[in-house]
Amino acid sequence: MASLERRGKQLGIVVDDGRALVVQLGMSGQLLVMHEAPATHRHVTWSLSGRGAEVLVFRDPRRFGGIVPHGRVQAMLDRWERELGPDGLDTARAPVERLCRGARHVKAALLDQSLVAGIGNIYADEALHAAGIRPSRRCNRLTHDEAARVLEEARRIMRRSVSQGGTSLRDHVLPQGDPGAARRLIQAYGRTGLPCHGCGLPLKGGRIAGRATTWCTKCQR
DNA sequence: GGCAGCCTGGTT
DNA sequence: AACCAGGCTGCC
């Protein structure tokens, strides 16, 4: 194995001969490095040279994930450039202007990987809550400052969460099999009916952009 | 845009 | 037994 590439939720494993594998974890996928491969939902097992008897395993109970081979790294990178927006962790390239365009709900735009890559349902709710913006707000009703703020909050929250090992609710685990610790940072996602940490009022739940959504009707406008 | 569908497993 | 879930694609 030569190197790893990543853009948003796409992970590229580049091997020495220049070919690449794109791993998409989907909703339940796991990449594990272990001495003994897990017994269930094991889809691919690679043996790792120079790491004793350890193996790299792609495990995916729900099978929403997948692996796409590319003959050359550049083909993978070209495709990412075509289909994905700038990575959500990238400050310099935050697509503020683009987020202000169109009549769709801002939450739908945040989940659109071709606009900004890497934001999923949890971080969309968290970023909108932190930025004080209702998920149902139309993009073309956002001020430039609001669009910048929500992208900045998404970046900050994801960065912090990743540094804690990620937001493990059910299936996400780190390569050694341990859950990430960022679940305790959650302010909004999945807290429908529980008090808002900003104002104390119960958070509202609903469906926006086809996804379970939680927000505060007072703190988020 | 929304929404069904892909799959399995956990919860109500 | 029915419903729900962290993602994404493709169809209306």
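Per chain, numbering begins at 1; letters A, B, ... match sequence-line order.
- As judged by a 4.0 angstrom heavy-atom cut-off over every strand, A:L169 is placed among the base-contacting residues.
- Put simply, CG on A:D112 is 17 Å from P on B:dC3, counting in whole angstrom units.
- Under 3.5 Å, the side chains of A:R138 and A:H105 contain a donor-acceptor pair of N or O atoms.
- The listed nucleotides are B:dG2, C:dA5, C:dG7; the one nearest the side chain of A:H105 is B:dG2.
- Not one N or O on the side chain of A:R156 forms a donor-acceptor pair closer than 3.5 Å with the backbone of A:R160.
- A:V106 and A:I157 end up in the same hydrophobic cluster when Ile, Leu, Val, Met, Phe, Trp and Tyr side chains are linked at under 4.5 Å.
- Between the side chain of A:E126 and the backbone N or O of A:A188, at least one donor-acceptor pair lies under 3.5 Å.
- Of the side-chain N and O atoms in A:R207, none sit less than 4.0 angstrom from OP1 or OP2 of C:dC3.
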From CA spacing to verdict: salt bridge (charged side-chain N to carboxylate O under 4.0 Å, His left out), A:R211, A:D125: CA-CA 10 Å; A:R211 314 297 302 277; A:D125 277 10; over 6 Å; no
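- As a whole-Å value, the separation of A:I186 CD1 from C:dA5 C1' is 13 Å.
- Of the charged side-chain nitrogens involved, none lies within less than 4.0 Å of a carboxylate oxygen, so that A:R149 and A:E146 do not count as a salt-bridged pair.
- A:C196 has its side chain out of reach of A:Q220: every pair of non-hydrogen atoms, C-beta onward, lies at least 4.5 Å apart.
- To the nearest angstrom, P of C:dC8 lies 15 Å from CD1 of A:I67.
- Atom CD of A:E5 sits about 9.5 Å away from atom CG of A:L11, to the nearest 0.5 Å.
- A continuous path of Ile, Leu, Val, Met, Phe, Trp and Tyr side chains, each step under 4.5 Å between heavy atoms, connects A:V68 with A:V73, placing both in one hydrophobic cluster.
- A:R82 places no side-chain N or O within 3.5 Å of a backbone atom of A:L84 that could act as its donor or acceptor partner.
- When heavy atoms are screened at a 4.0 angstrom cut-off, A:Y123 is found touching no nucleic acid atom at all.
- Atom CG in A:L11 sits roughly 13 Å away from atom P in C:dC8 (whole-Å rounding).
- When the P atom of C:dG7 is taken as reference, atom NZ of A:K9 falls 4 Å away, rounded to whole Å.
- Near DNA chain C, meaning a heavy atom under 4.0 Å away, the residues from residues 22-32 of chain A are A:G26, A:M27.
- Atom CZ in A:R211 sits about 9 Å away from atom C1' in C:dA5, given to the nearest Å.
- How far CG of A:L89 is from CZ of A:R7: 12.5 Å, rounded to the nearest 0.5 Å.
- No engagement by A:D60 is indicated, since no non-hydrogen atom pair under 4.0 Å with the nucleic acid exists.
- To the nearest 0.5 Å, the span separating OG1 on A:T167 from CE on A:M158 amounts to 10.5 Å.
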Pairing annotation in dot-bracket form, given for DNA chain C with Watson-Crick or G-U pairs under 3.5 Å and | for cross-strand partners: |||||.||||||
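- Across the protein-nucleic acid pair, A:R138 atom CZ and B:dG2 atom C1' stand 11 Å apart, rounded to whole Å.
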Reading nucleotides 7-12 of chain B from 5' to 3' and marking B where a protein heavy atom lies under 4.0 Å of the base, S where only the sugar-phosphate is that close, and - otherwise, the string is BBSS--
